[in-house]
Engineer: 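Before I ask anything, let me first share the structure, which is written out below as structure tokens.
By convention here, the first residue in the shown sequence is residue 1.
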Amino acid sequence: MSTSNTRYQLDGINHLALVCSDMKRTIDFYSGTLGMPLVKTIELPGGLGQHFFFDCGGGNTIAFFWLADSPDAAPGVAAPKGLPDEGELASAVGSMNHVAFAVPQEKFDEYYSQIKAEGLHVSRILNHDDSAIGASRHVHAGTFVRSFYFQDPDGVLLEFACWTKEFTDADVSHEPKTAADRRVAGQL
């Protein structure tokens, strides 16, 4: 990606903070299954919970809160119910839909096989393009990113993705939708 912020020098994502139901299971998944080193642990004051950070490469971290008073997960509200290739993409306004980890293009297919070998429910590979359905079975000149999706033990939707082309001005061509364009449940 060759574009840059003209107002602030942003060096990526310092951390993205999510909430888990079981910190031990989260460590097993992120450090064990995905190989992300646990780099910082915090015990929150007053028995509120914990906040743990995992290195996800490039100086970036993904963090998890374990909070004693967290409500249960709300699939379809706080995060999608399932995988995008199964038609599950919706989540509420203000929610976090998914986390996409950048992986090297040359390792993409190998990583897909490895994640499947872990026994996780994994989407098919999506070669995202500008076609009417947004993806194709095969990589072609119009493919801009390859990805596949899976979920962590709490249902957080995760993606391994690799860019396949440089963007140009032509890649920014859609009129942005507004709140008035939304189809809100219960309204016609």
Side-chain angles (χ1 to χ4, degrees), residues 1-18 29-30 33-37 39 53-63 78-152 155-179 181-183:
M1 312 297 313
S2 59
T3 61
S4 63
N5 188 321
T6 59
R7 295 193 68 187
Y8 302 97
Q9 180 181 335
L10 302 179
D11 296 327
I13 302 291
N14 179 280
H15 70 278
L16 176 66
L18 304 168
F29 182 79
Y30 284 89
T33 302
L34 298 184
M36 295 180 189
V39 295
F53 295 76
F54 300 85
D55 183 337
C56 61
N60 304 297
T61 60
I62 185 166
K81 290 179 187 175
L83 304 178
D85 70 324
E86 297 170 346
E88 297 292 345
L89 188 59
S91 62
V93 171
S95 70
M96 191 222 43
N97 189 271
H98 67 277
V99 177
F101 296 106
V103 299
Q105 189 172 354
E106 65 276 6
K107 297 276 193 178
F108 180 83
D109 292 313
E110 175 187 337
Y111 290 176
Y112 181 70
S113 296
Q114 281 181 234
I115 291 292
K116 284 181 78 170
E118 292 285 351
L120 299 173
H121 179 60
V122 183
S123 74
R124 65 183 170 89
I125 292 174
L126 298 173
N127 299 302
H128 300 274
D129 61 17
D130 291 323
S131 68
I133 61 169
S136 66
R137 290 202 178 276
H138 305 286
V139 176
H140 58 85
T143 302
F144 57 87
V145 67
R146 299 185 75 208
S147 69
F148 61 86
Y149 300 84
F150 54 100
Q151 291 173 306
D152 85 353
V156 174
L157 185 59
L158 305 173
E159 175 184 14
F160 275 11
C162 63
W163 298 115
T164 59
K165 70 174 232 170
E166 288 288 323
F167 294 121
T168 68
D169 289 342
D171 287 302
V172 180
S173 62
H174 298 87
E175 187 64 32
K177 301 288 186 189
T178 68
D181 298 315
R182 292 181 55 233
R183 294 183 299 249

Engineer: Sub-3.5 Å donor-acceptor pair from the side chain of Ser123 to the main-chain atoms of Tyr149, do we have one?
Structural biologist: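 Yes.
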
Engineer: Is Asp85 reaching over with its side chain to a backbone N or O of Arg124, donor-acceptor style, under 3.5 angstrom?
Structural biologist: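 Answer holds: yes.
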
Engineer: Test ring-ring contact (aromatic ring centres under 6.0 Å, His included) on Phe150 and Phe160 and set out the steps.
Structural biologist: CA-CA 9 Å; Phe150 54 100; Phe160 275 11; 5.3 Å; yes

Engineer: Check whether any side-chain heavy atom of Leu157 sits under 4.5 Å from a side-chain heavy atom of Ser91, and report yes or no.
Structural biologist: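 No, every pair of side-chain atoms sits at 4.5 Å or beyond.
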
Engineer: Is the closest side-chain heavy-atom distance between Asp130 and Phe144 below 4.5 Å?
Structural biologist: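 Answer yes - side chains close enough.
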
Engineer: Checking Asn127 against Ser136 for the side-chain hydrogen bond (donor to acceptor under 3.5 Å, both in side chains) test, could you report, in this order, the C-alpha distance in whole Å, the side-chain angles of both residues, the deciding distance, and whether it holds?
Structural biologist: CA-CA 5 Å; Asn127 299 302; Ser136 66; 4.7 Å; no

Engineer: For the residue pair His121 and Glu86, confirm or rule out a side-chain donor-acceptor distance under 3.5 Å.
Structural biologist: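 Yes - a donor-acceptor pair under 3.5 Å links their side chains.
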
Engineer: Could you check whether any side-chain N or O of Asp55 sits under 3.5 Å from a backbone N or O of Pro37, counting only pairs where one atom can act as donor and the other as acceptor?
Structural biologist: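 The answer is no, because no donor-acceptor pair under 3.5 Å joins these two groups.
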
Engineer: Rounded to the nearest 0.5 Å, what separation is found between the NE2 atom of His128 and the CH2 atom of Trp163?
Structural biologist: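 Here the rounded value is 9.0 Å.
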
Engineer: For the OG1 atom of Thr33 and the CD1 atom of Ile115, what is their distance to the nearest 0.5 Å?
Structural biologist: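 If I round to the nearest 0.5 Å, the distance is 7.5 Å.
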
Engineer: Could you check if a side-chain atom of Asp171 sits within less than 4.5 angstrom of a side-chain atom of Lys165, using non-hydrogen atoms only?
Structural biologist: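 Counting from C-beta outward, Asp171 and Lys165 do come under 4.5 Å.
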
Engineer: Can you name the nearest heavy-atom pair linking Ala79 to Gly155, along with the distance?
Structural biologist: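 In this case the closest contact between Ala79 and Gly155 is CB-O, 4.4 Å.
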
Engineer: To the nearest 0.5 Å, what is the distance between CZ (Phe108) and CD1 (Ile125)?
Structural biologist: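 Reported value, rounded in 0.5 Å steps: 4.5 Å.
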
Engineer: Please report the interatomic distance CG(Leu158) to OH(Tyr30), rounded to the nearest 0.5 Å.
Structural biologist: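 Spacing of CG (Leu158) from OH (Tyr30) equals 4.0 Å.
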
Engineer: State whether the side chain of His15 and the backbone N or O of Ala17 hold a donor-acceptor pair below 3.5 Å, judged by distance alone.
Structural biologist: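 Here the side-chain-to-backbone pair does not exist.
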
Engineer: Would you check, one step at a time, whether the test side chain to side chain contact (heavy atoms under 4.5 Å, CB included) holds for Leu34 with Glu118?
Structural biologist: CA-CA 10 Å; Leu34 298 184; Glu118 292 285 351; over 6 Å; no

Engineer: Are any non-hydrogen side-chain atoms of Leu83 and Val122 less than 4.5 angstrom apart?
Structural biologist: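 Leu83 does not reach Val122 side chain to side chain.
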
Engineer: What closest approach, in Å, do Ala161 and Ser147 show between heavy atoms, and which atom pair accounts for it?
Structural biologist: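 Minimum heavy-atom separation between Ala161 and Ser147: CB-CB, 4.0 Å.
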
Engineer: Under a 3.5 Å distance rule, please check whether Asp129 uses its side chain to pair with a backbone N or O of Ala135 as donor and acceptor.
Structural biologist: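 Answer holds: yes.
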
Engineer: Has Thr143 got a side-chain atom pairing as donor or acceptor with Val145's backbone, closer than 3.5 angstrom?
Structural biologist: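 No; judged by distance alone, with no hydrogens or angles, the pair does not exist.
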
Engineer: Measuring from atom NE2 of His140 to atom OG1 of Thr164, what distance do you get when rounded to the nearest 0.5 angstrom?
Structural biologist: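 Rounded to the nearest 0.5 Å, the NE2-OG1 separation comes to 9.0 Å.
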
Engineer: Report the C-alpha separation of Val99 and Leu18 in whole Å, then their side-chain angles, then the decisive distance to 0.1 Å, and conclude whether the side chain to side chain contact (heavy atoms under 4.5 Å, CB included) test is met.
Structural biologist: CA-CA 10 Å; Val99 177; Leu18 304 168; 4.2 Å; yes

Engineer: Using a 6.0 Å cut-off, check whether atom CG of Leu16 has over 12 heavy atoms from anything other than its own residue.
Structural biologist: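 Yes, because the 6.0 Å sphere around CG of Leu16 holds more than 12 heavy atoms from other groups.
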
Engineer: Hey, are the side chains of Ile62 and Phe101 touching, using non-hydrogen atoms and a 4.5 Å cut-off?
Structural biologist: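 When only atoms from C-beta onward are counted, Phe101 and Ile62 do touch, with a gap below 4.5 Å.
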
Engineer: Measure from the side-chain N and O atoms of Thr61 to the backbone N and O of Asn14, and report whether any donor-acceptor pair falls under 3.5 Å.
Structural biologist: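 Such a contact is found between Thr61 side chain and Asn14 backbone.
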
Engineer: Do Val156 and Phe29 come within less than 4.5 Å of each other through their side chains, counting heavy atoms only?
Structural biologist: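 No - every pair of side-chain heavy atoms lies 4.5 Å or more apart.
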
Engineer: Can you measure from CD (Gln114) to NZ (Lys107) and round to the nearest 0.5 angstrom?
Structural biologist: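 If I round to the nearest 0.5 Å, the distance is 8.0 Å.
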
Engineer: How close do Glu159 and Ala100 get, counting heavy atoms only, and between which atoms?
Structural biologist: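 Heavy atoms only, the tightest pair is OE1-CB, 3.2 Å.
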
